[in-house]
**Student:** 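Would you mind keeping the following structure in view while I ask a few things?
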Amino acid sequence: MESYEMLPRDFYERDPALVAGDLLGKVLVRRMDSEALSGKIVETEAYYGEKDPASRAYRGKKRFNEVMFGEPGRAFIYMVHTWWLLNVVAHREGEVGAVLIRALEPLDGIEQMRENRGRSDAHDLTTGPGKLTRALAVTKELNGIDITRDDGPLTVVEGTGEGFEIGSSHRIGVRRDLPQELRFFIRGNGFVSR
DNA sequence: AGGAAGATCTACT
DNA sequence: GTAGATCTTCCTA
């Protein structure tokens with residue numbers, strides 16, 4: 001793997017929508033015992049706290065969502081319809097929020113991802129929030145871990161810095177959305193979920 | 001103890 | 001495009 005620079009804690013100590021946009025083009029790294037799996041982040045969504053009816057934090061702090069209320073730069077993982085979804089805790093001091101990682105462009109460890117997913121098509125490995133967690137073997141076990149550590153199982157690092165255009169839309173699959181557009185994606189990238 | 005909801009995916013028509 | 005699978009967590013009784 002190339003040498004990468006970690007995103008520091010203060011990257012995540014900002015409004016979730018800002019963090020969601022800035023995570024595009026960065027690289028998510030999943031370190032396993034034997035190898036590292038990685039992918040470029042190409043699609044994200046921002047979620048807030050009690051003012052956001054689509055958020056897991058909408059009804060207040062519970063055991064399963066408590067990391068969303070805590071330190072930015074940690075993984076928040078929870079399940080929907082049998083699929084684990086991966087978020088990064090992101091919010092300003094005293095607030096609540098997270099960014100959902102919705103799609104990746106696979107980089108390292110594609111063969112392992114194929115095995116984890118039981119599919120061969122590279123465009124069917126990480127092109128959705130539930131698919132990518134399975135491809136990267138992300139489960140509840142990683143809930144709450146610090147992703148700003150460079151020796152942990154999950155981290156986000158700088159990308160190659162290639163230019164791209166950011167698109168936005170309303171969030172996908174939510175029952176009640178906010179008026180703002182809180183989904184962000186790399187325009188024209190073939191690994192965006194739709 | 002039981003039911004319902006949910007930021008999904010897959011398979012089928 | 002739509003239905004069904006499937007499971008964790010929460011809510012109510």
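Keep in mind that what you see is a predicted model, and the values were worked out from it rather than measured. Quick note on labels: first sequence line is chain A, next is B, and so on, each numbered from 1. In what follows, every heavy atom counts, from backbone to side chain, and hydrogens, waters and symmetry copies are set aside.
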**Student:** Met79(A) has an atom CE; how far is it from atom P of dT8(B), in whole Å?
**Tutor:**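 These atoms are roughly 13 Å apart.
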**Student:** Answer yes or no: does a side-chain N or O of Lys140(A) lie under 4.0 Å from OP1 or OP2 of dC7(C)?
**Tutor:**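 For dC7(C), neither OP1 nor OP2 has a side-chain N or O of Lys140(A) closer than 4.0 Å.
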**Student:** Of all the choices, dC7(C), dT8(B), dC11(C), which nucleotide is nearest to the side chain of Trp83(A) once you look at every atom?
**Tutor:** dT8(B)
**Student:** Salt-bridge test for Arg171(A) and Glu181(A): reply yes if a basic N is under 4.0 Å from a carboxylate O, no otherwise.
**Tutor:**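 Answer for the salt bridge query: no.
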**Student:** Which of these nucleotides, dC9(B), dT10(B), dC7(C), is closest to any side-chain atom of Pro129(A)?
**Tutor:**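 Selected nucleotide (nearest to the side chain): dC9(B).
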**Student:** Can you measure Leu125(A) atom CG to dC9(B) atom P for me and round it to whole angstrom units?
**Tutor:** 13 Å
**Student:** Within 45° of the six-membered ring axis of Trp84(A) and under 6.0 Å from that ring's centre, is NZ or CZ of Arg134(A) located there?
**Tutor:** no
**Student:** Indicate whether OP1 or OP2 belonging to dA11(B) is found under 4.0 Å from a side-chain N or O atom of Arg119(A).
**Tutor:** yes
**Student:** Would you mind reading off the distance between Arg59(A) atom CZ and dA4(B) atom P, rounded to a whole angstrom?
**Tutor:**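 Distance check: Arg59(A) CZ to dA4(B) P gives 16 Å.
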**Student:** Starting from C1' on dC9(B), measure out to CG on Leu100(A) and report it in whole angstrom.
**Tutor:** 15 Å
**Student:** Nearest to the side chain of Leu85(A), heavy atoms from C-beta on, is which of dT8(B), dT10(B), dC10(C)?
**Tutor:** dT8(B)
**Student:** What class does the angle between the rings of Phe64(A) and Phe76(A) fall in, given that below 30° is parallel, 30 to 60° is tilted and above 60° is perpendicular?
**Tutor:** tilted
**Student:** Is dC10(C) paired to anything, Watson-Crick or G-U wobble with both distances less than 3.5 Å, and if yes, which nucleotide?
**Tutor:** dG3(B)
**Student:** Does Arg117(A) place a side-chain N or O at less than 4.0 Å from the phosphate oxygens OP1/OP2 of dT10(B)?
**Tutor:**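 Checking dT10(B) against Arg117(A), a side-chain N or O does come within under 4.0 Å of OP1 or OP2.
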**Student:** More 5' along DNA chain C: Thr82(A) or Asn65(A), using each one's nearest nucleotide?
**Tutor:**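 Nearer the 5' end of the strand: Thr82(A).
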**Student:** Report the C-alpha separation of Arg59(A) and Glu50(A) in whole Å, then their side-chain angles, then the decisive distance to 0.1 Å, and conclude whether the salt bridge (charged side-chain N to carboxylate O under 4.0 Å, His left out) test is met.
**Tutor:** CA-CA 6 Å; Arg59(A) 291 166 201 283; Glu50(A) 312 198 345; over 6 Å; no
**Student:** Categorize Arg134(A) for me: base, sugar-phosphate, or nothing, with a 4.0 angstrom heavy-atom threshold over every strand shown.
**Tutor:**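 Since no nucleic acid heavy atom lies under 4.0 Å of Arg134(A), the category is nothing.
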**Student:** Checking contacts here: which listed nucleotide (dT10(B), dT8(B), dC10(C)) is nearest the side-chain heavy atoms of His81(A)?
**Tutor:** dT8(B)
**Student:** Tell me whether the OP1 or OP2 atom of dG6(B) has a side-chain N or O from Arg175(A) closer than 4.0 Å.
**Tutor:** yes
**Student:** Between Arg114(A) and Asp121(A), does any NZ, NE, NH1 or NH2 come within less than 4.0 Å of an OD or OE carboxylate oxygen?
**Tutor:**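 Arg114(A) and Asp121(A): not salt-bridged.
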